Amino acid sequence: MVETLDDLDGVSRRILGRRGVMKDIQRAIGALDVAEKPRVGRLVQETTERIEMAVDAAKERLAGQTRPIDPLFDPTVPGPDMLAGGLHPIVQTMYDLNDAFEALNFEVYSGPEISSELYEFDNMNFPDEHPARESMDTYWLAETSGALGAERLCLRPHLTGASVRYMQTHEPPHRFVYPGRVYRNESTDARHERAFFQYEALITERHLPFAAGKLLVSTILSTVFGTDVRVRMRTGYFPFVEPGFEIDMECQVCQGRGCRLCKGIGWLEIMPGGVPHPNVLRHGGLDPNEWTGFYINIGLDRLVMMRYGIDDVRLFNSGDIRFLEQFK
Amino acid sequence: MLISLDWLTEFVRLPTDLDSSALAHELTLRTVEVERIENLGDSIPEDVVVGRVLDGAGTNNDAHLVSVETGDGQMVEAWAHEKLNPSAFVAVAMSGIGGDKRQSRPVICSPADLNLGMLWYGEAAHSTLVFGTGGSGPVVGREPLLGSKIAPLLGWDDTVIEIDNKSLTNRPDLWSHYGIARELAAIYSAEFIELPSASFDSVSASSNLLDLVDPSLCRHIAILDIARRDGPQPVTPFQVRSRLARVGQRSVGFYADITNYVMFGIGQPSHAYDRAKVALPLSVRYGIHEDERALLSGDRAHIGPTTPVIADSNHAVAVAGVAGSVDTQVTDESEAVLVELANLDPRAVRRSTLELQTRTEASARFEKGLDTQGVTRAAGYIVHLLQHYDQGGSIVGYQERVVAATQPQVIDTTLSFLNDRMGTELEAERVAELLNPLGFVTRSEGARLVIAAPTWRSTGDVSIPNDILEEVSRMIGYDNLPPSAPTFTVRHSGRDPLYALERRVREFLAFRAHVQEVLTYPWASDRYLDALGLSRQPMLTIEGPPSPDRRHLRPSLLPNLLAAVEGNLSHSNRFAIFELGSVYLGGERKPLTIADERLPALPRRVGAVFVGDSLSTEFRRAAAAVTGLRRAGWIQHLELKEDGDADSWGDSVAALEVRSADRVVGRIAAIDLPRLLDIQTNQGVVAFEIELSAFTCDSYRPNMYEPTSTFPSTSIDLSMTLSNDISWASIAAAASEVEVRLVKRVEFVDEFRGDSIRDGQRSITLRLHLGAPDRTLLASDKVLVRDAIAEHLRARFAAVIRA
């Protein structure tokens, strides 16, 4: 009894193949008497057909029994090594937020990373002697040393300067977000970086009560944390807003009960915001008697640290794939 | 800034059931951020109690045991530091003091033992803490109860809140207990207690105390001339010392303590000089003589023509607004004292602190811009305190000069403006109720609201209607404003094409090419710039760089990517990373938003590095990734060409240029890491960098439908040997020129060089994918195509067909 398709194939070739037994018999018919040839020929033909039918039947039988894959195959052996690949965790968060704001009909805008004192400070209502203007806080370009205003250039220390660029070049009302990296000349440690991401949004409208600005806040936090997060608005001071706010979120580690992260207070300072200062609106080409608005600005590095429990901000710029590949 | 809740009670009567957490919460929401609450009593161990010495035997030099009564008839043997008077009330640590060799027994404590040394100055901090009179150590003026805790006797049962200084930058009036008390009075509708002040009526005005006052430096100054009738300067009252210590200020002597008490109490800095060491009159001016002075802040100040100083007739006696000089300080022997109170230009003080690289409690306040009327208020308060605490001293002279007084700001606004922005319906009376406790005077004139700010809020803090809006809304509480949803007009919101391209590129590289995104700094190290030969091009430099070798802004993404590769090679031998971001180019600048502002070129690029065992494999991965960008990025023109730029970064042979139409926009090249960076590695390294802003993209998915054939397709392989000089791109292009109707695609299969192949040649195997839209190809079709292409390649490249 033939047990495998391979064996059957061999048997079939030996009997039915071009050099098989039946071919030999067919060739031998030629030597027979003429009277015998038809009878023997029919017999050979019938025999051949019966053998072919038997081979087909055997094929059918064996096809149902034979596995196409080696029974010793080990399915737990891993496939070819494929590199992980992925987006930087801050970029992931930025895109998540962009998607959320685009769904609210906001535009995504980008300002230049090198900007001028005019846009970063003068237009932003920073006093002439504000500490942030000094080199200890801002990376000024050496090529523009001694220049002022539009001619004094720096790596942007914040995103807010870009808001005036947008207002100057787009018709109001405005609704836009403008994420990006900013640069500050300060010492680094586990909580401080010289280069970090901010995410800023601005609405300008003719009538916009402060409380409406909470929409921006809740959009950001629910996008990042996947759930509604309690927030509180409190007074804060920034030259480019009046009134200015600090916005705190309920500590997500202790759910507001107080822990080390929130210094026992139950709240974490998460983002500043406020109503654009009248001088900022004027620089943007809007009449502050007619227009108002609402800014929010959030540090993405800190938000992502909180979201994933990252304990050292410097990891973001480390280029270390052991850290980065953890974020899918 | 630290605020003592006990000190606040001098200026405000808060609800008796108010706890510190609730106070901190309300203060945070409405005025300034409270970062920390500390109950000072918690810092003193529970078992430190009042005891009375029963025998005073022993010496001043050696620790010895004395008998101490600690209440309820209990007696213990306790270690003493020094010889003690019998009946002296002392602080006894019943379980000893941590780390002390005598810790197994009770110890009679010094202030320093209890970390309370700030309450006493000099040796007293290390002498035994003795309560009541008759002790040899510091005296606390209350009759103690045996066995009771010592914190209340020291004022250490207080609670201190720490306020984030950043939240105070625009509020010079809040840098004191008095200012915070006024806010709390307004928040809780509590009684605000006006500052006690003494009259100057009996003091004769002097004319010899002040000389030149530079109006660019000083807007108001007053000098108090104090004579002492007898003896050394008095001991600072314990309550003053205790309060100062609670907010972090060590006691340093009576007059300095009084000036500090006034500064922390009401926010106006002042300074006391030994009158005998000062050659009157005093001036406020910039330095004239080159001079170096030791300051009481512990710094040495180089005085020059840009240094604002308080000067006597001979020298600078203080760096104005920062610190006085050591050689004019008041000592125990001082018989007469001058107290100077000034209102100084905040910018001058700030510049001075930057030059000196020092910042003091006084300069922190001056830098915010103080109310000039604070000088007069503080002078009256100092005189009040001296009358109260310095029985041996008297004010013998006073001179004041007002250069430019702070004027109250008057803001003209409307109720409708406030209500519109807050979403409220307030009446004018309610606005007045909210503002008046803060010192504002509100007047309603029809639809108008005319509001006068107090001088302490008129220093730049309050000047426009939005400031009034802030005051009213914070007093209501932002979270108490009516909830409101914004109403938008939906309109088309376009996407920046470059932003859209960047996202598609990032997601393609990350999720389809399996490359990990990294972010690096905008500056690059000279080491990597030099290695890549990028230092030859014009670069931008920053002032105050993170390190001297990182002063250049990156003109390419590759230097920092190579740095990241070097870091990752210590733990990985196969990986791929990319970065997408701006590079910063020196050279020509162009206007972006307005004509006056010309910015450097900041093209957006994507760069990547592939690291693996085989250079050729990594090169092909890199090339495949770049080729894939065209489809994934909706890029209209992107192609790879053999590279002709031998001067560019990376290898000159293993390189391809990336082109968009007729422009070179990037490069793929092998990197010889061991040679460039002098490091040991056998890994193949290939990089690419492409300028994304150079591409033109479709604004929608550029998909085209082509009917699929219902007939099967087939393929044939073709192997040939030909010269090494002939690139695969040329072979593929040539193979595609023949039988165009049937050849759908030419695929690279393999290449081979070895013993069976002649020098200077290689064997190439290609696969021709064939198909026809209207029929199944016959074996004869395949033979036809194969022969035609073989003949074409033979003719073009002298290729010898192998099979």
Side-chain angles (χ1 to χ4, degrees), chain A residues 82-88 91 95 105-110 112-114 116 118 129 135 139-143 145 150 155 165 168-169 175 183 185 194-195 203 205 207-212 215 232-237 242-243 245-246 263 275 277-278 292 316-317 319-322 324-325, chain B residues 28-31 36 167 169-170 347 350 420-423 464 466-467 469-470 473-474 478-479 481-486 488 490 493 496 499 503 506 510-511 514-522 540-544 546 564 567-568 571-572 575-577 582 584 592-593 596-597 599-600 602:
Chain A
M82 187 180 287
L83 294 178
L87 295 178
H88 192 284
V91 174
Y95 282 145
N105 202 217
F106 279 62
E107 186 174 335
V108 179
Y109 173 69
S110 295
E113 289 192 34
I114 290 181
S116 64
L118 173 70
E129 301 266 342
S135 59
Y139 285 113
W140 295 102
L141 293 201
E143 290 82 358
S145 181
L155 284 169
R165 292 183 194 276
Q168 287 176 341
T169 51
R175 275 194 308 284
Y183 308 98
N185 191 348
R194 297 184 176 105
I203 304 175
E205 288 283 341
H207 302 285
L208 189 76
F210 308 151
L215 171 79
R232 67 179 190 183
M233 283 168 68
R234 58 184 169 82
T235 192
Y237 170 71
E242 189 66 69
F245 310 110
E246 286 282 9
K263 298 181 185 172
V275 177
H277 192 283
T292 184
F316 290 130
N317 291 325
D320 189 334
I321 56 174
R322 294 170 300 178
L324 295 167
E325 285 179 353
Chain B
T28 295
L29 286 187
R30 294 165 199 266
T31 305
R36 189 171 60 90
S167 66
T169 52
N170 66 324
R347 291 161 296 187
R350 173 146 188 83
D420 180 62
R421 299 295 164 87
M422 293 189 294
I464 57 175
N466 280 45
D467 295 322
L469 181 64
E470 176 172 34
S473 51
R474 77 182 177 90
Y478 292 117
D479 283 338
L481 293 173
S484 170
F488 295 147
V490 177
S493 167
D496 173 18
Y499 165 77
R503 182 162 183 172
R506 275 194 172 110
F511 303 127
H514 304 287
V515 188
Q516 175 60 52
E517 184 179 27
V518 301
L519 293 175
T520 69
Y521 293 105
L540 297 168
T541 52
I542 49 174
E543 295 173 359
N568 282 305
H571 49 76
S572 303
F575 56 92
I577 55 176
S582 295
Y584 314 89
L592 177 72
T593 312
D596 290 345
E597 185 203 44
L599 299 179
L602 308 172

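Since the model is a prediction, treat every value here as computed from it, not as a measurement. In what follows, chains are A, B, ... by sequence order, proteins preceding strands, each numbered from 1.
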Asker: When only pairs under 4.5 Å are counted, which of B:P482, B:A576, B:P600 shares the most heavy-atom pairs with chain A?
Answerer: B:P600
Asker: Under 4.5 Å from any heavy atom of chain B, what part of A:L118 do you find: side chain, backbone, both or neither?
Answerer: side chain
Asker: Start with the C-alpha gap between B:E543 and A:N185, add the side-chain angles, then the distance that decides, and say whether side-chain contact (heavy atoms from CB on, under 4.5 Å) holds.
Answerer: CA-CA 10 Å; B:E543 295 173 359; A:N185 191 348; over 6 Å; no
Asker: Checking heavy atoms, do the side chain of A:S116, its backbone, both or neither come under 4.5 Å from chain B?
Answerer: both
Asker: Answer with side chain, backbone, both or neither: which region of A:Y183 has an atom nearer than 4.5 Å to a non-hydrogen atom of chain B?
Answerer: side chain
Asker: In terms of heavy-atom pairs under 4.5 Å with chain A, which of B:L602, B:T541, B:D420, B:V518 leads?
Answerer: B:T541
Asker: Which atoms form the tightest heavy-atom contact between B:R506 and B:E517, and what is the distance?
Answerer: NE-OE2, 2.6 Å
Asker: Check whether B:Y584 gets within reach of chain A through its side chain, its backbone, both or neither, counting any heavy atom under 4.5 Å.
Answerer: side chain
Asker: Would you name the heavy atoms of A:V275 and A:F245 that are closest together and state the gap between them?
Answerer: N-CE1, 4.3 Å
Asker: Considering only heavy atoms, which portion of A:Y95 lies under 4.5 Å from any heavy atom of chain B: side chain, backbone, both, or neither?
Answerer: both
Asker: Hey, which of B:S484, B:A564, B:G567 has the most heavy atom pairs under 4.5 Å with chain A?
Answerer: B:S484
Asker: Using non-hydrogen atoms and a 4.5 Å limit, figure out which bit of A:E325 sits close to chain B: side chain, backbone, both or neither.
Answerer: both
Asker: Between B:P483, B:G423, B:P546, who has the most heavy-atom pairs with chain A when the cutoff is under 4.5 Å?
Answerer: B:P546
Asker: With sequence neighbours excluded, what pairs up with B:L481 under the side chain to side chain contact (heavy atoms under 4.5 Å, CB included) test?
Answerer: A:F210, B:M422, B:T424, B:S473, B:I476, B:Y478
Asker: Please state whether the side chain, the backbone, both or neither of B:R30 comes within less than 4.5 Å of a heavy atom of chain A.
Answerer: backbone
Asker: Which region of B:L540, side chain (C-beta onward) or backbone (N, CA, C, O), has a non-hydrogen atom less than 4.5 Å from a non-hydrogen atom of chain A, or is it both or neither?
Answerer: both
Asker: For residues A:A195 and A:N317, report the shortest heavy-atom separation together with the two atoms involved.
Answerer: O-ND2, 3.2 Å
Asker: Taking salt bridge (Lys or Arg N to Asp or Glu O under 4.0 Å) as the test, write out the residues that go with A:E242, two or more places apart.
Answerer: none
Asker: Any chance you could lay out the side-chain contact (heavy atoms from CB on, under 4.5 Å) test for B:E470 and A:T235, step after step, and finish with the verdict?
Answerer: CA-CA 8 Å; B:E470 176 172 34; A:T235 192; 3.2 Å; yes
Asker: Between B:R36, B:H571, B:R474, which residue shows the highest count of heavy-atom pairs closer than 4.5 Å to chain A?
Answerer: B:H571
Asker: Is it the backbone or the side chain of B:I542 that comes under 4.5 Å from a heavy atom of chain A, or both, or neither?
Answerer: both
Asker: Can you tell which part of B:I464 gets under 4.5 Å to a heavy atom of chain A, answering side chain, backbone, both or neither?
Answerer: side chain
Asker: Under a 4.5 Å cutoff for heavy-atom pairs, which residue among B:T31, B:N170, B:I577 has the most contacts with chain A?
Answerer: B:N170
Asker: Return the CD to NE2 distance between B:Q516 and A:H88, rounded to the nearest 0.5 Å.
Answerer: 8.0 Å
Asker: Under 4.5 Å heavy-atom distance to chain A, tell me which part of B:S582 shows up: side chain, backbone, both or neither.
Answerer: both
Asker: Hey, is CZ on B:R347 packed in by over 12 heavy atoms from elsewhere, all under 6.0 Å?
Answerer: no
Asker: Name the region of B:L29, side chain, backbone, both or neither, that has any atom closer than 4.5 Å to a heavy atom of chain A.
Answerer: both
